[in-house]
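Residue numbers start from 1 in every chain, and the chains themselves are labelled A, B, ... in the order their sequence lines are given, proteins ahead of strands.
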There are 2 protein chains.
Amino acid sequence: QRHFYGYTGLTFAKWIITITIGLLVGVVAYLVESSQELFITMKKDWTQETIDEGIKLPLVFLGYAGFGIVLVFMSSCLVLLWAPAAAGGGVTLVMAYLNGIDIPSFFEFRTLVTKIVGTICTISSGLPIGQEGPMVHIGAAIASSLTWMHGRFPTHRRDGSQRYSSPFLQTISKFTQKAWPFDFHNDKDRREFISAGTAAGLAAAFGAPIGGVLFSLEEASSFWSRKVMWRSLLCTTMATMILAWLNDRDFSLSLPGGLAYHGIQVEVDLDSVPLIMVTAGSLGVLGALLNTVHGWLSQYRAPSKKGLLRVVEACSITFIAVGTMFILSHLFGRCLPIQKGQQGEEYWFRYTCPKTDPNTGIAYYNDLATLYFGVPHETIKQLFAMGSELDTYFSIRSLILHSMSFFVLFNLAYGVATPGGIFMPSIMVGASFGAFLGRVFQVYFPGENIQPGLHALVGATAMLGGVFRSSLSLVVIMMEGTGGLQYLLPAIIAIYVGNWVAQHIHHEGAYEADLERLGEVRFLQSEPPRHLISVTAAEMMAPNVITLTEIVSVGDVIKILKNTQHNGFPIIRHADANDEGQLVGLILRHQLLLLLEQRAMIEVDSDMLYLPLPERFIARNPRVTKEHIYLEHAMRVYHHCHNPHKRYLSSRPEAVDELELDAILQEHPVTNGVHEANSKENGSANKEIQEGSDSAKSGQQVSIHKRELALDLRHYMNRAPVTVRAECSAQRVYIIFRTLGLRHLCVTDSNNSVIGMITRKDIAQSSHHQKEHSEGKITLERQE
Amino acid sequence: QRHFYGYTGLTFAKWIITITIGLLVGVVAYLVESSQELFITMKKDWTQETIDEGIKLPLVFLGYAGFGIVLVFMSSCLVLLWAPAAAGGGVTLVMAYLNGIDIPSFFEFRTLVTKIVGTICTISSGLPIGQEGPMVHIGAAIASSLTWMHGRFPTHRRDGSQRYSSPFLQTISKFTQKAWPFDFHNDKDRREFISAGTAAGLAAAFGAPIGGVLFSLEEASSFWSRKVMWRSLLCTTMATMILAWLNDRDFSLSLPGGLAYHGIQVEVDLDSVPLIMVTAGSLGVLGALLNTVHGWLSQYRAPSKKGLLRVVEACSITFIAVGTMFILSHLFGRCLPIQKGQQGEEYWFRYTCPKTDPNTGIAYYNDLATLYFGVPHETIKQLFAMGSELDTYFSIRSLILHSMSFFVLFNLAYGVATPGGIFMPSIMVGASFGAFLGRVFQVYFPGENIQPGLHALVGATAMLGGVFRSSLSLVVIMMEGTGGLQYLLPAIIAIYVGNWVAQHIHHEGAYEADLERLGEVRFLQSEPPRHLISVTAAEMMAPNVITLTEIVSVGDVIKILKNTQHNGFPIIRHADANDEGQLVGLILRHQLLLLLEQRAMIEVDSDMLYLPLPERFIARNPRVTKEHIYLEHAMRVYHHCHNPHKRYLSSRPEAVDELELDAILQEHPVTNGVHEANSKENGSANKEIQEGSDSAKSGQQVSIHKRELALDLRHYMNRAPVTVRAECSAQRVYIIFRTLGLRHLCVTDSNNSVIGMITRKDIAQSSHHQKEHSEGKITLERQE
């Protein structure tokens, strides 16, 4: 390895990739944000123009809604027909991936494209859905795409037949080998980049470099280290810097701060704490309610398999949302005059209000329509900026109508088959309802110095707390996003109260609840459930284990691979014929498949397969040949080429059929006699085992041998599989499993015999009992 | 357990304790800060007055220095005579404690008192030493004191003799049992509170609630969870709130922000990035230099055993520091007029400058004296506030003299025998040198918009990065402390560049270097050193293991306890006489000591001790009696009463002598004959084993028995000790050991025989090789 000031080329490449991820994420974030702004402003202007031209409101509404529905239709068709993994926010699945769960096609390129296009369409359509969750997925997918695994994978089998049937794939494989000199041949590197990409995604969405890192640390990533922290920070910094530059075109180093506002800075004193707590508590209730309603509604949603129904669902919810906005604005919106101190003149939306009075020069706006039709992050900024003096921005009636209708629509929209996240709508509901409460407090406590903007900020933070149940990251995101560091302590109070209240209404955050609904995804939280302390490994494990011996017949292996879906097989050695066998190693399914595919078979006496191996044979370490090294390398490459995306493929029975083994098995039938065995002795791989069987021969003085095709697993197995004793506490098992990122854990007795296996499934099942237990519905039921 | 809305009394108590810790830490922080301010202002005023009275400067200097020396003398005497653990910053040892290392008397009450008093004395004396490190220790010690372990520990032995000789101790023990209903009977709870206290300490020192939590997460704590995050955040919030209130006496919710300044807010643009990087790089070099010089100087310091020398060292360094300040200010300080825009009139120090001109009304100040003699955090604020327009605050000459002399004095003072930390001096040097560079840039690039205050901020951040090598926490602390969120991106650049440069000069941060110097402390970083991937468990372990059998003679146990210092002993079972034995459990030293002390002995045939146990005897699970439960409880209580503070006591041979076992061994000599054995059968604990030996009898038909006193360990041993196979990668061993917080790890072969033990010592030794390796001095040497 080349060294340059302690940096190998690989390290350098990693930094370059990190920076590239950051820059790309920043550019995409800008693209998404500015498209949304463009579309929404265009629609608003069009509406204003057509209304001014005297076209009737229902017709305007149909036009507006039609445009939105077309966007949502495109987005959901794209998702359902091309990349189903792009639906929803995606944060949950990023979390699952970083937890060590394989999610088919989640990071594929078409998913990434669909997510970007779909998000732009959805957030421009009028649905109360945001871009923050999708940005996290996009960041992770960009990171994944830039670190795609490609190794020097053998293109030919050992017997000369070609591995890749398509010449196109062969060319690609050769090309990637040369074009890019660095292999990221392990899951760890990949995971680190994806953690960094996740952080960058959120950072770009909010303009919050530190908040993004903390979000990745607190919520998204399951494995964290100092190195990941540095890399994420670099990535988020790059993303925010490029975003700031694209926004201003003037390379300013000040934060883009997606929600930054120029509010009136008031001192917050002790007296206001009770009111702040009331606001935070109310929004905590709303946050928990969102989770509850979402869980309840998801039963009635269009089933995930019926694509057409899901498209119809998405489109009709868009129709309802736009309809609500038009009708409520028309009926209840108040026409207020634009005052001189108010910023951003183009933001205020006149809708059906009277035009600017030519005499007085006073312009009017419809406050409810402004709340609905403005660019969402502009609306949030305006809510945060509501001061105690310029208190006529939005009327109390409009605020309550807006927050409640938005909450209902949000509940409807959260879960439709388009990309879209729940960060922004949560903040919107929180800010709007918080501002409403602030206005109400102003009325009831006229003597107090109450700033509705502060209550909006507190409300938004508490709502986020109620929905997501995170702590630090949300506070930091809000502080960085709004630039309101002076309100740090109120924000911390808000996050505490919001969380605390929400925890008593609905016991799970949005992500955890989502993870649970995804039945297939077996997420392991960083800490073991408390109840596991009274469970042992023996109660947790799956007791019937399929084991192999060190030298095993090919026929048996094929049978086992076809009939089970296990991915790991313990290897045992029998001391004598009656012994139940002791654990000596572990082999993985893909290793077996590769051995079979590469025809790394040997011919041995049948005796060797079914009797304990002779002692001389065991004591000696097997000789390592070039052949073994080559195969071991091939296994590693295979693992890293296929596993991140296609792990699930190898556990189908067809995976074995594809190896075309029948011909070989027919060519090498079970044979009799010493003669034939000797004639085969020229193969390089079976030389050594021949020796072994020689010694067996001399020991046992056998005259007639049955010869069989077999695999010698001793070179390839993991000789030190992690084991626990049957009496071990399940909590400990959980921690070992989780921190080492294991897939298989052997449970042994004091004799070192395998009595069970623990996989992610078993752990997730045992952990699940706690939930039922804690809800008090079902008493703890131990697995027998 | 009582439940109230899902909260048990224990949970409630924990929250109350957390809040109390936060409040106490905030109060102490206020006390320390305001005493420092009081003393320093007093000294400054006295100096000014005496100079104005015409007393000669050398005499004034002697008075000033004398006062400082008296303070340092008091402080260092207190440390050396009463509580040696209070010396230095303490952050390193807090880290070590939270890593699972026992540090004698580090959290005792007298250490806490000494630390508070000593810190106040030291930082008021004129030594360039800060209060931030000590505040971390104080926070941790307050947390520890509030969660002191006290359990219902038996006051009598089983034979009726009293456990505590002193009646005073007995009373205390009875009292604590009643007064406080909650026991925190495990290390985990304790560690959580101490993590929270640590966070609160730093938060209070800087007025940075989130920074404190991040510091605890990133640097101080080795075990972290969501719960700890919530608890720490509450604790830091409380500390900052009470501090803010005490500072203002007006319950404002705005941050106290220890370093908050009212600087001119300029836009930082792309052009300034190169200069920012130059500043950050220079300060990174200084930061690394500090670590290098400190390591080198520590050889020449007064040896830690010679108390008098250390006091003399501390006092003379104070003398040198004050002398430097007086002489340099007098010779090189410039007399500048106080301009109208300058804030804080009482801050500016006139020293030997002319008095206010009665005609023009212009007041003068000596800029170098102001830098030296002001309250440190005021000085830092002024440096940060240096704008591009009011650019005459400090002259270039004074800034370079101040930063360089402060750096030298800081190097001298860092390591003397008084409490004191290196956060503040690092920030001071960084800010001062950064401001100097900013001023120089102003001269050389007159066209650019350069703000020396920004360079001071960047310099301080980069210096911290160079000294401590942290990332997020330092940035957040600086942002919260200064309130300058708009300079987040420059601060991130500074931390990156500072770290990167420093890493190439000195490979370790201040804390890591300190940890390494403390030979006894075997700190395990959160990630295994990279080189461990090529080491196996077998190469790491200590091969000669002392094992016990399930039933073991008292004589043997005493011999082993006296002659070894091991804390854990594997228990093995022999299948037959020739068998090397299989691992069935693990017992700890304190468990053996307690069994001996409580006289939980049984009498068995000698055969039972030295031959494999009969099969019938093993198959059956031993019956559990009240006696066993009582003893097991006593073991747990003993562990938690003694371990946090006195773990080291039990590994002395005297610990065995104190049990006064000789009399018992003499009373129960090895006896012969069946008769006597039967007459002893009335003891409750030996009933069952009697049965066992009965069955042995019937099996073997022995006529004459040798009877011996023995311990039956089967009830008390850990039946599922964590084991690894000899071939297991050392990296994996490291991770298992570190995350499970183990003290002993048995290494087994495929037969489940114990072939070695791995303790913290072995792991620390193996990990250490890497350092030598990475420095390129010594090639990797594997342990055989």
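Here the straight-line distance linking atom CE of A:M479 with atom CD of B:E480 works out to 10.0 Å at 0.5 Å rounding. Atom CE of A:M229 is separated from atom OG of B:S470 by 8.5 Å, given to the nearest 0.5 angstrom.
Summarising the geometry of B:W230 relative to A:I495, their closest heavy-atom pair is CH2-O, 4.1 Å, with the distance given to 0.1 Å. Here the shortest heavy-atom pairing between B:N751 and A:N752 reads N-ND2, 4.3 Å. Considering every non-hydrogen atom in both B:V584 and A:S750, the closest pair reads CG1-CB, 4.3 Å.
Within 6.0 Å of CE in A:M717 there are more than 12 heavy atoms belonging to other residues, nucleotides or ligands.
When heavy atoms are compared at a cutoff of 4.5 Å, A:L740 approaches chain B by way of both its backbone and its side chain. For B:R738, no part sits under 4.5 Å from any heavy atom of chain A, backbone or side chain. If you measure heavy-atom distances from B:L742 to chain A, the contacts under 4.5 Å come from the side chain alone. For A:E218, the parts lying near chain B are the backbone and the side chain together; criterion is any non-hydrogen pair under 4.5 Å.
Contact count versus chain A (heavy atoms, under 4.5 Å) is highest, among B:E527, B:K227, B:Q731, B:Q503, for B:E527. Options B:V475, B:I735, B:T237, B:L472 differ in how many heavy-atom pairs under 4.5 Å they form with chain A, and the most are formed by B:L472. Among B:N718, B:L217, B:V213, B:L233, the residue with the largest count of heavy-atom pairs under 4.5 Å with chain A is B:L233. Between chain A and the options B:V724, B:V476, B:N499, the largest number of non-hydrogen pairs under 4.5 Å is found for B:N499.
The shortest distance between side-chain heavy atoms of A:R719 and B:R725 does not fall below 4.5 Å.
Residues forming a side chain to side chain donor-acceptor pair (under 3.5 Å) with B:D749 (at least two apart in sequence, or on another chain): none.
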